[in-house]
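Counting from 1, the numbers follow the sequence of the chain as shown.
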Amino acid sequence: MRHIYRCALRWSDMDAFGHVNNVVFLRYLEEARIEFFFRLAREAAADAFTGGSVVARHEIDYLKPLVHRQEPVTIEIWVIKIGAASATVGYEVKDGETVYARASTVIVPYDLERARSRRLTAAERTFLARFRDDAARFGDDAAGSPVPS
């Protein structure tokens with residue numbers, strides 16, 4: 001299953017070439033990820049990811065230029081991999097069948113009080129498993145990034 005996030009584009013997201021700047025895509029992914037981990041996860045389990053989490057890795061493939069428009073862009077987010085102390089989520093930034101970018105992020109749960117990473121809790125693993133998308137059109141390459149299959 002995938003979570004759908006609708007992300008508004010801002011005029012300031014544009015660069016000198018008239019399309020959304022590559023760095024801005026990271027902000028879009030962050031907005032979708034924050035809703036996923038901090039709203040949806042906590043609705044499923046009140047203590048899920050309350051201690052924090054950190055990004056260990058991002059990978060983005062830019063496929064088509066995205067230009068400013070009034071309609072929000074759709075960001076689909078799902079779980080690619082669940083480890084003992086990390087999870088990898090995948091994303092597609094798209095509009096209908098047009099995919100502007102594909103990305104993945106490795107998230108590590110973090111204990112803010114102890115200032116160190118921690119293992120996923122049973123509740124967090126259960127939440128993440130609901131969004132595991134084995135039917136996604138990606139496979140994992142050797143580096144763990146989403147690639148077309």
Side-chain angles (χ1 to χ4, degrees), residues 1-10 12-13 20-66 69-149:
M1 177 167 69
R2 294 184 178 197
H3 173 63
I4 306 298
Y5 177 74
R6 306 272 294 157
C7 184
L9 305 180
R10 294 161 292 274
S12 62
D13 294 347
V20 173
N21 185 276
N22 64 305
V23 174
V24 173
F25 277 85
L26 284 172
R27 282 191 224 130
Y28 295 166
L29 302 179
E30 178 185 53
E31 287 181 34
R33 191 173 59 254
I34 293 298
E35 179 177 86
F36 183 75
F37 281 99
F38 295 106
R39 187 184 65 80
L40 286 182
R42 289 184 184 165
E43 286 176 4
D47 62 345
F49 299 101
T50 56
S53 61
V54 294
V55 170
R57 178 186 181 112
H58 284 302
E59 286 198 30
I60 303 176
D61 292 323
Y62 300 97
L63 305 173
K64 292 184 180 266
L66 176 59
R69 74 238 187 122
Q70 295 300 316
E71 314 82 53
V73 69
T74 298
I75 301 174
E76 295 184 3
I77 182 172
W78 67 95
V79 176
I80 295 172
K81 180 180 176 183
I82 304 168
S86 69
T88 304
V89 293
Y91 316 81
E92 282 187 335
V93 179
K94 62 194 293 187
D95 181 23
E97 295 302 312
T98 303
V99 180
Y100 299 102
R102 288 191 178 112
S104 67
T105 301
V106 176
I107 298 295
V108 176
Y110 199 75
D111 183 330
L112 293 171
E113 288 180 14
R114 294 187 177 124
R116 64 180 186 167
S117 60
R118 63 173 179 79
R119 298 176 78 75
L120 288 164
T121 66
E124 290 166 345
R125 294 176 68 75
T126 298
F127 166 76
L128 292 169
R130 286 182 32 219
F131 290 92
R132 181 82 189 244
D133 190 347
D134 293 327
R137 294 181 300 156
F138 305 127
D140 286 337
D141 69 7
S145 64
V147 294
S149 58

Between Phe36 and Phe127, does the ring centroid distance fall short of 6.0 Å?
yes
Work out which heavy atom in Pro72 is nearest to a heavy atom in Ala8; give both atom names and the distance.
CB-N, 4.0 Å
Audit row: Tyr100, Val20, side chain to side chain contact (heavy atoms under 4.5 Å, CB included) steps and yes/no
CA-CA 10 Å; Tyr100 299 102; Val20 173; over 6 Å; no
Got Arg132 and Met1 here, is their nearest side-chain heavy-atom distance under 4.5 Å?
no
With Arg10, which residues qualify under side-chain contact (heavy atoms from CB on, under 4.5 Å), at least two apart?
Ser12, Asp13, Tyr28, Glu31
Output yes when Asp111 and Arg118 qualify as a salt bridge under the 4.0 Å nitrogen-oxygen rule, no when they do not.
no
Salt bridge present between Glu35 and Arg6 (N-O < 4.0 angstrom)
no
Roughly how far, to the nearest 0.5 Å, is CG of Asp95 from CD of Glu71?
7.0 Å
Quick one: are Val55 and Val106 in side-chain contact, heavy atoms under 4.5 Å?
no
Do Ile82 and Leu120 have side chains that approach each other closer than 4.5 Å (heavy atoms only, starting at C-beta)?
yes
Side chain proximity check, Leu66 to Leu9, heavy atoms < 4.5 angstrom
yes
Under the criterion side chain to side chain contact (heavy atoms under 4.5 Å, CB included), I'd like the reasoning laid out for His3 against Phe131: C-alpha separation, chi angles, the key distance, then a yes or no.
CA-CA 7 Å; His3 173 63; Phe131 290 92; 4.0 Å; yes
For Glu113, I'd like to know if atom CD has over 12 heavy atoms of other residues, nucleotides or ligands within 6.0 Å.
no
Taking Gly83's backbone N and O only, do any of them form a donor-acceptor pair with Arg125's side chain (distance below 3.5 Å, no angle check)?
yes
Between Arg114 (side chain) and Arg116 (backbone), is there a donor-acceptor pair under 3.5 Å?
no
Side chains of Arg57 and Thr105: any donor to acceptor distance under 3.5 Å?
no
Looking only at atom types and distance, does a side-chain atom of Thr98 sit under 3.5 Å from a main-chain N or O of Lys94, one as donor and one as acceptor?
no
Identify, with sequence neighbours excluded, every residue that meets ring-ring contact (aromatic ring centres under 6.0 Å, His included) alongside Tyr110.
none
Pairwise side-chain contact, Val93 with Phe25, heavy-atom cut-off 4.5 Å (strictly under):
yes
Nearest non-hydrogen partners of Ile107 and Ser53, listed with the distance
CG2-CB, 3.7 Å
Of all residues at least two apart in sequence or in a different chain, which pass the ring-ring contact (aromatic ring centres under 6.0 Å, His included) check with Tyr5?
none
Ile77 and Leu29: CA distance, side-chain angles, deciding distance, side chain to side chain contact (heavy atoms under 4.5 Å, CB included) verdict:
CA-CA 9 Å; Ile77 182 172; Leu29 302 179; over 6 Å; no
Evaluate the side-chain proximity of Arg33 to Phe38: yes if any heavy-atom separation is below 4.5 Å, no if none is.
no
Salt bridge or not between Arg102 and Glu59? Use side-chain N to carboxylate O under 4.0 Å.
no
Rounded to the nearest 0.5 Å, the NZ atom of Lys81 sits from the OG atom of Ser86 at a distance of 6.5 Å
Parallel, tilted or perpendicular for Phe49 and Phe37, by the 30°/60° rule?
perpendicular
Take Ile34 and Glu30, measure what side chain to side chain contact (heavy atoms under 4.5 Å, CB included) needs, and give me the verdict at the end.
CA-CA 6 Å; Ile34 293 298; Glu30 178 185 53; 4.0 Å; yes
Heavy-atom closest contact (Ala85 atom, Pro109 atom, distance)
O-CD, 3.4 Å
